[in-house]
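Order of the sequence lines sets the chain letters (A, B, ...), proteins ahead of strands, with each chain counted from 1.
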Number of protein chains: 2
Amino acid sequence: MNDPLSAPRDPAARPQTRIQARNTRAILDAALEVFSAQGFRGATLDQIATEAGLSKPNLLYYFPSKEAIHLALLGGLLDVWLAPLRALDPEGDPRGEIMGYMRRKLDMSRQMPRESRLFANEILQGAPRLKGLIEDDLKTLVDEKAAVIRRWADQGRIAQVDPYHLIFSIWALTQHYADFEMQVRAVLGPDRDPFDEAGIFLDMMFSRLLATD
Amino acid sequence: MNDPLSAPRDPAARPQTRIQARNTRAILDAALEVFSAQGFRGATLDQIATEAGLSKPNLLYYFPSKEAIHLALLGGLLDVWLAPLRALDPEGDPRGEIMGYMRRKLDMSRQMPRESRLFANEILQGAPRLKGLIEDDLKTLVDEKAAVIRRWADQGRIAQVDPYHLIFSIWALTQHYADFEMQVRAVLGPDRDPFDEAGIFLDMMFSRLLATD
DNA sequence: ATTTTCTTTGACCATGCGGTCAGCGTCACG
DNA sequence: CGTGACGCTGACCGCATGGTCAAAGAAAAT
C-alpha cells in the first residue's frame, strides 16, 4: 500500500536491512545494464539475476515483477535526466547558461550512457510507461525554461531562435553520442575520442547559433 | 544467387507470382510496422502475420524465420538510408550541398519514421545485425564524404568544422524528430507541426554553423 | 539458547512464442 | 478439364520465460 515501487518490502515498520540495500542496488544496476542493452522485452529475469549475482526467485523476493524493476528504474530516471535543465538559471548569463546546459547534458551522455539508452528505448516504443510524466512534468518544465529562453532572445541577449527546438537540438546532439555510440565509434575508428571531439564541435555549433553579432 | 534478401524462395526457375509479390510486400510492410514499434524481440510473428492479413504458417511459407524477415528489412534499409549522403556532390556548391543533404534527411524522417526507428532500434542494441555493413560500407562512405567536406573547409568555402561531427549532427538532429517523435509532440502540443518548424530551425542552425562570415 | 524475522533456493507451473508438418484447397497452363 | 505446382491452414511441438511456493538456512532480537 504505502510501498513505493522502488522499495521491495513495506519499509513503514523496519527501515531497511543492509542486505536489502545491497541487493536492491545490485538488482537495479544489473537491470539498468540489461534493459538498456536489450530493451524491456529483450531482457530476461535470468539475465538480470545472473548479472546481479542472485537467483531468479531471490530477485523476485525483492521486486514483485519484471515490470516493477523497470518502473523503478524509469521512475528515478526522469528526475536525474532533467536535473540539468532544471538548473538553468533565469538570472544567469544567457549564453553561459545554455552552453552550460549543453555541456552538462553531454557529460551525462558520457557518464551515463546506459541511462540514456534506457530512456531512448522507452521513447522509441512510444513511451508506454513514461507517457504521463512526459506530458505533465517534462512538458511543464520545458514550457517554463522555453519562456526564459524566449525572454533572453527578445531582449537581444541571444539570437532569435525557437527555444523549443533549441532544447530539442541539445537533446538530440548530446544523446546521439550515447545512444548511437556504436555507430559513432565505428565511423571515427578506435583512435578518436567521440566525446572529447563532440565537446569542441558542439561548443562551436551553439556558439554560432546563439551569437547575436 | 540473383536472389535479393527480400525474396523468399529461389526464383531461379520461375520468376515470381503475382501472389508472391503481393504477400511478400504485405509481410515486409507489416514487419516494418511491428519491428519499428516493438523492436526485434518485442515483435511476434503473430502480430506481423495479423498485420499482414495472413496466418502465421502462411507467413512462414514466404520467409523461413523471423530473423530472415528482419534481415530482409535491414538489408534494404541501409542503402535507402545513405542515399542522400551518396548524393552529396563534390562538384556542387558546398553550402547548398550540405544544406540540401540536411533537408533530404529531414524529409526522410518525416516520410519514413518507421524506417528511422527500425534503424535506431538496431543501433541502440549495438547493431548486432548491421555491424559489418556499418564498419565497412557506411564508414567508407562517410570517410569519402568527410574528405570532400574537409576540402571545402580548407578552401574557405565553408567554416572550419570537423566534417565527421558535422555529419553526425545532421543525423542526430534529423533522426531525433522521427525517433523521439512522441516526446517532441508531447512537448510542442497538438497544434504545432514539428517537422515544419524543424525545417526552419535547422536551416538557421546550419546556416550559422557553416557561414564563413 | 531460543525464538522470530529475514533471506535464499530447488522444483515446479502456465503461457507465449518460434517453428514444423501433413494435408487440403486453388490457380495456371497444356 | 486434368494435372502439377503453388498457396494455405489447423493442429501440434519444444523451449524459453515470467512467476509461484514450500521449505531450508542465516541474522537479529530476546
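- Here B/Tyr61 does not reach the OP1 or OP2 of C/dT20: none of its side-chain N or O atoms lies under 4.0 Å away.
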Test log, rule side chain to side chain contact (heavy atoms under 4.5 Å, CB included), inputs B/Phe40 and B/Ile69:
CA-CA 10 Å; B/Phe40 181 75; B/Ile69 304 176; over 6 Å; no

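- Residue A/Asn23 places no side-chain N or O under 4.0 Å from the OP1 or OP2 atom of C/dC6.
- Residue B/Leu60 is in base contact, counting any heavy-atom pair closer than 4.0 Å across all strands shown.
- In this structure, B/Lys66 contributes its side chain and B/Ala43 its backbone to a donor-acceptor pair below 3.5 Å.
- Side-chain atoms of B/Pro57 lie closest to D/dA11 of the nucleotides D/dG7, C/dT7, D/dA11.
- Across the interface with DNA chain D, nearest-nucleotide mapping of A/Ile19 and B/Lys56 shows B/Lys56 to be the residue nearer the 5′ end.
- You won't find any donor-acceptor pair under 3.5 Å spanning the side chain of B/Lys66 and the base of C/dG19, going by distance alone.
- Here the side chain of B/Thr17 pairs no donor or acceptor atom with the backbone of B/Gln20 at under 3.5 angstrom.
- Distance B/Leu59 CG to C/dC17 P: 15 Å, rounded to the nearest Å.
- Within the structure, a side-chain polar atom (N or O) of B/Ser55 is placed less than 4.0 Å from OP1 or OP2 of D/dT9.
- Taking 4.0 angstrom as the limit, B/Gln20 places none of its side-chain polar atoms (N or O) nearer than this to OP1 or OP2 of D/dC6.
- The CG atom of B/Asp46 sits 12 Å away from the P atom of D/dG10 (whole-angstrom rounding).
- Between A/Asn58 and the phosphate of C/dT7, there is no side-chain N or O to OP1/OP2 separation shorter than 4.0 Å.
- Between A/Arg41 and C/dG16, a side-chain N or O to OP1/OP2 separation shorter than 4.0 Å is absent.
- Note: B/Phe168 and A/His176 have tilted aromatic rings, judged against thresholds of 30 and 60 degrees for the angle between ring planes.
- Here A/Thr17 does not reach the OP1 or OP2 of D/dA28: none of its side-chain N or O atoms lies under 4.0 Å away.
- In this structure, A/Arg18 and B/Thr44 both approach DNA chain C, and ranking their closest nucleotides by distance from the 5' end singles out A/Arg18.
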